[in-house]
S.K.: 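Submitted below is the structure of interest, expressed as structure tokens.
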Amino acid sequence: MTVSNPQPLPTTFDPAAIEARWYQHWETKGLFRPHRPEAEPFTIVNPPPNVTGSLHIGHALDNTLQDVVIRYERLRGKDALWVVGTDHAGIATQMVVERQLEAQQDKRTNYTREDFIAKVWAWKEESGGTITRQLRRLGCSMDWSREQFTMDPHFTRAVIKTFVDLYRDGLIYRDKRLVNWDPKLKTAISDLEVETQTIPGHFWRFKYPLADGARTEAGADHLIVATTRPETMLADMAVAVHPADERYQSVIGKHIILPITGRRVPVIADEHADPELGSGCVKITPGHDFNDFEVGKRAGIAPAAMLNMFDPQANVCQTADGLVPQEFIGLHRFRKDGVDGARELVVKRMKELGLLVPFITKDKDGNEIALDAEPRQIPTPFGDRGGVVIEPWLTDQWYVNAAELAKKPTEAVRRGDIEIVPRSWEKTFFNWMENIQPWCISRQLWWGHRIPAWFDKDGKIYVAESAEEAQQQAGEGVALRQDEDVLDTWFSSALWPFATLGWPEADAPLLQRHYPNSLLISGFDILFFWDARMMMMGFYHLDKRPWDRLYLHGLVRAADGAKMSKSKGNVVDPLGLIDKYGADALRFFMAAMESQGRDIKMDEKRVEGYRNFATKLWNAARFCQANGIGASASIAAPPARLAANQWIIGEVAACAAAIEAAMAELRFDNAANAIYQFTWSKFCDWYLELIKPVFAGDPDSPAALETRSVAGWALDQILVMLHPFMPFITEELWHRLGAREYELIVAKWPAPQAEVSREATEAIDWVIELTTNTRSARAELGIAPGAKLAAYIAEPSPVASRTIARSAAAIERLARLAPVTIGAAPPGAAMQVIAGEDVFIIPLEGVIDIAAEKARLEKALAASQKEARSLEGRLANPAFVERAAPQAVDKARADLAHHQGEIARLTAALARLG
RNA sequence: GGGCGUAUAGCUCAGUGGUAGAGCACUACGUUGACAUCGUAGGGGUCGCAAGUUCGAACCUUGCUACGCCCA
């Protein structure tokens, strides 16, 4: 879509009108992945969003940062590949479809597994594209032609191979142990999916009668145990005391007759019992508590022998010894939906039996009262998806030996082979990796990668890449049944950096070229879930790091600093912000606020400010267009003689260097601010103002031709440098300004290749200082800003002599000084303005308030004197001169000289006023 | 209990040894053409507190306070 006859730009900038058009253009022309076989590869894989998802503000941040990097590297000529796709998200997706069924009074279990999975696929085909459409609205330049899904056939092959390989290497195994069980979703989940929250609860104390006439040292015929979960006493298998606890030496090895069940259980000695806590006696329920599980194993109870009292929904079931009274069977573990459960009934029965030790406290009037239990804050595990209390439950599950797989990644980070940015996350990473627990990867779901393991009727396991292969292992005629469970979603997404590139085909060209990836950008919240596991799998399969660098960003918070959540109702919809301010403004906000990992507080005013910035650029382009400034044909800076033109060329080079330095260390904020300040404060505020007089004269003069050429080039450089942050407006202007051989998205990064003239820089800096100081003096003295004033300069400095002649028009227009006469001013009241070493005398007889001018000069004098005194003090200190860095001393001397000069000029100026 | 982080202008944030900045907000002035989604000028900070190191500390060290996050 090259525009050969540029149409005048509309007077107002309307983001919505251009965004969809340009995105579609880029995508259909394949510009997100230009063919660059010779170029250096640069690779990012996106954190695949849940296929059920829609774009939230965190995605907006994450993907903006990735797009800034990928567009930047593409402009720098790299073979930039941004892999995109979505995650099948086992639990989340299954929940979405189950909820739909519920809405129709239907449920999953009314269908066969195959039929239900077909429904999920149908849902995915119909509604799964929401988030990918939304990523397009944000302007993300991913390679959609290779869009991936974690349940694509090739991806499934990779997952199955991974499972089989790990199993054969002994790194995946089946084990019976306690897992975190979600009774709502009826599946096991991993440690990471459990969130501990402290909630109000109770602490009950029970008497457990000793059997066979045993007594404690103090003579009691019972032990007192305390618990926050009384219902679990139905599956108690022991009471533990500390081996050194003198109070209980006589009962170790004796027995308890448990109330309610009548179960006879031993009193055991175990260091887990803390003598300092409560009575020092602890009830032990190995089948329903992680600590007790370990105590039970130490006491010689095999996991298979541990009593289980819950069904998958955490309703009470009969224990293996048949001792749970009938009235408990089927009750929920605790009060639910207003109905009392096993917990409440246990307390009631214990109280009736006189075995509840009341909690004595005082009411608000100071009267002593007895409560059933002590109110306490209880740290409680919740499932991050289902939101209900997690039940430790004894089951057979598949585990990954994470500790073994963690070794190479940990070394790699320690060696600096993988760079984590910001570095402060390294410690957290090491701490987790070095204390890592076995990773439970089986999930009792239907939607996901089914575990490639088969059992024969004796429970013997055959792990294979296909049913045929498993049958081969088992032998003909042996009846096999495939494991019903699926794999943790993170097990598959851990393969993302290479399975998306063609692995396990070893000679996959993309894999050869783009693995290891260059960079991964993710929120720190998935460092363990995903990033660490990609490292494990990358090293396991390919013996190489998945990426050179890992950049971790923070959370986007609400304006008040609170975490955004649907329940709080404080979520900000990025699409709403795009509608209101444009995608470019939202992107720029995200980049400008991103300073290495700290959280970003939402500030809509700031988004608005960046929309204003886009408008500013739009209007600057309109000005250029109106003055015949258009597309530049050269990458290198055009030849320039005029000071302003030389100056802006130097400023372009400085800006490009600043962005490059910032991007090299992933300082998105510094990069964004560099182009912002250059565009607004240098190009618009000064350069365009400086060149306006050139266009007032002969439009074909050499000066006008040169200026049009340089201005067009400089504006082009702005568009290129700003493009990674604001792709839409820059692409639009790129084409509006003239016919182009290629789109901006595949343009060339600035390479000015120009010497910056020191004289030109000095001259423009001098004009700027003169202008600013003159404006300031006028404002303070109440002189009309627009009034043209004659000025006299008696002894011009070299820079003044050169510049007054060459830039008279600019001085007249900006400082509103004309004519400027070299020579003594006529006597009389005058305003005096200083620029560098030069003093301008501006006669204002009859207009000027002498007292005000005096006050103004005295104020400036006082400021200079204060600075000078401070510098003198420092330089008078021998310790400073001897010990400080020589550059620091030189700078102090130069600063002092400057202030002394300033003092002399101001003193003289005051003297002239009389 | 362990670890990490934060505290700088009214607000949101930059600033890793040389005497403090940006955007927004605020005040005053300004619309005979790039832009009022703007321009010009200006006010505003004992850099959380205390001690130490140093010629010199927002920055380094230690302690304290407050807030946040992660792990147990």
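Values in this document were obtained by computation on a predicted structure and should not be read as measured data. Every chain is numbered from 1, with letters handed out A, B, ... down the list of sequences.
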S.K.: Taking Trp618(A) for the side chain and Pro10(A) for the main chain, is one N or O donor matched with an acceptor at less than 3.5 Å?
M.R.: yes
S.K.: In whole Å, what is the span from the OH atom of Tyr610(A) to the P atom of rU12(B)?
M.R.: 15 Å
S.K.: Check each residue of residues 419-439 of chain A for a non-hydrogen atom within less than 4.0 Å of any atom in RNA chain B, then write out the ones that pass by number, or none.
M.R.: Ser424(A), Lys427(A)
S.K.: Could you tell me the separation between the CD atom of Glu604(A) and the P atom of rA25(B), rounded to a whole number of Å?
M.R.: 13 Å
S.K.: Using whole Å, report how far CG of Leu552(A) lies from P of rC70(B).
M.R.: 15 Å
S.K.: Ignoring hydrogens and angles, state whether a donor on the side chain of Arg874(A) or Asn877(A) is under 3.5 Å from an acceptor on the partner side chain.
M.R.: no
S.K.: Starting from P on rC71(B), measure out to CG on Leu527(A) and report it in whole angstrom.
M.R.: 11 Å
S.K.: Which class fits the ring pair Trp425(A) and Phe524(A): parallel under 30°, tilted 30 to 60°, perpendicular over 60°?
M.R.: parallel
S.K.: Just compare rG68(B), rG18(B), rU6(B) and give me whichever is closest to any side-chain atom of Arg557(A).
M.R.: rG68(B)
S.K.: Using a distance-only criterion (donor-acceptor N/O pair, under 3.5 Å, no hydrogens), is the base of rU40(B) paired with the side chain of Arg778(A)?
M.R.: no
S.K.: Regarding Tyr581(A) and Glu604(A), is there a side-chain donor-to-acceptor distance under 3.5 Å anywhere?
M.R.: yes
S.K.: Counting Watson-Crick and G-U wobble pairs only, both distances under 3.5 Å, name the nucleotide matched with rC69(B), or none.
M.R.: rG3(B)
S.K.: Relative to each other, are the rings of Tyr551(A) and Phe668(A) parallel, tilted or perpendicular (30° and 60° limits)?
M.R.: perpendicular
S.K.: Nearest-Å distance, CG (Asp599(A)) to P (rC70(B))?
M.R.: 10 Å
S.K.: Does rC38(B) have a Watson-Crick or wobble partner in any strand here, with both distances under 3.5 angstrom, and which is it?
M.R.: rG30(B)
S.K.: Nearest whole Å is fine: how far is rU6(B) C1' from Ile600(A) CD1?
M.R.: 15 Å
S.K.: Could you check how far CG of Leu555(A) sits from C1' of rC69(B), rounded to whole Å?
M.R.: 9 Å
S.K.: Can you tell me if Tyr610(A) and Asp584(A) form a side-chain donor-acceptor pair at under 3.5 Å?
M.R.: no
S.K.: A cation-pi test, strictly: NZ or CZ of Lys616(A) under 6.0 Å from the centre of the six-membered ring of Phe683(A) and no more than 45 degrees from its axis. Yes or no?
M.R.: no
S.K.: Does the structure show a Watson-Crick or G-U wobble partner for rC47(B), both distances under 3.5 Å? Name it, or say none.
M.R.: none
S.K.: Considering only rU12(B), rG15(B), rC13(B), which nucleotide approaches the side chain of Arg667(A) most closely?
M.R.: rG15(B)
S.K.: Does the protein touch nucleotides 27-39 of chain B at the base, only the backbone, or not at all? Give it as B, S and - per nucleotide, heavy atoms under 4.0 Å.
M.R.: -------BB-BSS
